[in-house]
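Order of the sequence lines sets the chain letters (A, B, ...), proteins ahead of strands, with each chain counted from 1.
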Amino acid sequence: MSVQGTLADKTGRGLYRDLVLKRILVLCGLLTALAVSLSLDLSLGPARYPLDEVLSALFFPGSAELQTRVVIWDIRMPIALMAISVGGCLALAGAQMQTILANPLASPFTLGISAAAGFGAALGLVTGVAIFPAAVQYMVPINAFIMAMAASLFIYAFSTFRGVTVQTIVLLGIALVFTFNALLSLLEYLASEQALAAVVFWTMGSLTKATWTKVFATFAVLLVCIPFFARHSWALTALRLGDDKAASFGVNIRSLRLKTLIGVSLLAAIPVSFVGTIGFVGLVGPHIARMLVGEDQRVFLPAAVLCGALMLSATSVVSKMLLPGAILPIGVITALVGVPFFFALIFADRRNSW
Amino acid sequence: MVTLKLDGLGAKYGSALTVADVTTPELKGGEMTAVIGPNAAGKSTLFKRIAELMKGPGTIHLDGARAEQKEAIRYMPQDTSANAVLTVYESVLLAAKQGQGWRVQDHELTYIDHLLASLQISDLAFRNLGELSGGQRQLVSIAQALVRNPEVLMMDEPTSALDLYRQVEVLGYMHALARQKNMIVLIALHDLNHALRYCANTLVIADGRLVAAGPSAEVITPELLRTVYKVDARIEACSRGEKHIIIDRSAA
């Protein structure tokens, strides 16, 4: 070991550049897969359109038949884009929760955010209580959003106390899950048959109520959060080396963790309030991204968004192909289709999983 | 010449002072200083306070070309096993790029290559952190600390997970590097023979106080070992005339 060192081994720089290039190609691959999945999603349904017709209706809407245009642009497009934006939001939320809580099980569910949203929605569906009375027609999503944000803010406030560790935050989140699930069961027990059906359907998660407004709202959250996380990408990556190490690199851990928690709350609360509880994507999307590109946030962040978006979009395609005509709750299908795929990935590449 | 002097330094945890009144002689660039003391004496706390990761009273007088910059003083914490899916190379780059933009320049990568080569871990560069042994992780930590070219480097038990060969190599390397870069290296050690051999000065911390400071050979005495470490020991010259500690028993 000499102080001068040997400059003979110059390959590190080149190998690193290769690694970065490989990861950019992976991102391009994911993006292409997403585009294919979106096109398929638009072509499939009660009426099937060949891909070329879909593409021409997409790029030259003026020349397409009115019926085709209405089906593709007004009916299928909001649902297909909703799958992408919701998947992206949830996977990004999960990725950053796993990062700041140093826990591979973290997802929007872990902290009780989804459970809180479910309770808020049920409150509207069963009792008709609007937490924010001005907009009664949006009672269910607004209730869900308010409860989800309340749960997040509660955790946020708790985590600012002195001596609160990452483990206590996770424990508190699990406690919140149980609390809101108990409250939800109580509401279900008291509910009328009709309301009960609505609650059950809501908690399964469904994209069918997508509208352009909801699509824009979820994309807007992504557009706000991505630049914020991107700006802190070196610091967020450093968090994964442990708090002491990150602090020694000059990262203000406390402030970073709190800011990220706010972003994550928005990312989780808004989609959940629109489409109900869609599990799995928030947990598994980030793990798949991690296996594909590692944890350098400069690529991990877009990869997580793309993986989540692709998972939900592909699920929508698969469910339409398996059971044409029937629209199953997407949350259910995501888990059923995703679990075997996820297992296969873990066994294929244990070295690069958490 | 870089110099460092601590004046009445204390560290606060909550409202309690866990380290208090640490006033040191002036430490000079090019030298290694051992920081010794029993477990939980406050060595890590003192390091964190010097790196301004903790608050507390007192002042740190740093005199050097980059004394105003935050990264002039670097703290290398005790190794914790990281399970991040990151390669060694990325983890060192990460340390270099904190607070900077996304773009990675060629010269930054060249420097990392050089650093890994001089620590003899070039062959680990594209292994994941999770695959490394404890000793290998220590060496990566050293690379992460050195990549910012600090003027003061504080190393918290950097040799604790290393085998004998690596201990001697790392300490010898740091000793030479301190001299070459005119860097002040503070190093928390449990092996006092290492302190005697590699460190010009020694600071002794016990119960959060500085109980002795000065040239290692003068500070490390049988009397100190009895009062601070509670062991009966002799310090004898070996056949080459170098001083060694021989522990006889724990003191009654």
Derivation of the side chain to side chain contact (heavy atoms under 4.5 Å, CB included) call for B/Arg148 and A/Phe249: CA-CA 9 Å; B/Arg148 280 273 177 117; A/Phe249 289 177; over 6 Å; no
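Environment of NZ in B/Lys12: sparse, with no more than 12 heavy atoms of neighbouring residues, nucleotides or ligands closer than 6.0 Å. Remark: A/Phe219 CZ is packed, more than 12 non-hydrogen atoms of other residues, nucleotides or ligands lying under 6.0 Å away. Sparse packing is recorded around CZ of B/Arg179, with 12 or fewer heavy atoms of other residues, nucleotides or ligands lying under 6.0 Å away.
Side-chain contact check for A/Tyr16 versus B/Glu90: some heavy-atom pair is nearer than 4.5 Å. Between B/Val85 and A/Val293 there is no side-chain heavy-atom pair separated by less than 4.5 Å. At least one side-chain heavy atom of B/Leu129 sits under 4.5 Å from a side-chain heavy atom of A/Leu241. Counting heavy atoms from C-beta on, the side chains of B/Asp106 and A/Arg13 come closer than 4.5 Å. Contact of the B/Gln98 side chain with the A/Thr237 side chain is not registered, since no non-hydrogen atoms from C-beta on lie closer than 4.5 Å.
We find the CE-OG distance between B/Met76 and A/Ser248 to be 9.0 Å, quoted to the nearest 0.5 Å. In this structure, the separation between CG on A/Leu15 and CG on B/Leu109 is 11.0 Å, given to the nearest 0.5 Å. Interatomic distance, A/Asp296 CG to B/Tyr89 OH, rounded to the nearest 0.5 Å: 13.0 Å. Between atom CG of residue B/Leu94 and atom CD of residue A/Gln297 there is a gap of 10.0 Å, rounded to the nearest 0.5 Å.
When all heavy atoms of A/Trp234 and B/Gln100 are compared, the closest pair comes out as CD1-O, 3.3 Å.
Ranked by non-hydrogen atom pairs under 4.5 Å with chain B, the options A/Ala246, A/Ser233, A/Pro104 are led by A/Ser233.
Both the backbone and the side chain of A/Ala230 have a heavy atom closer than 4.5 Å to some heavy atom of chain B. If you measure heavy-atom distances from B/Ala125 to chain A, you find no contacts under 4.5 Å at all.
Under the 3.5 Å distance criterion, with hydrogens and angles disregarded, a donor-acceptor pair is assigned to the side chains of A/Lys245 and B/Ser141.
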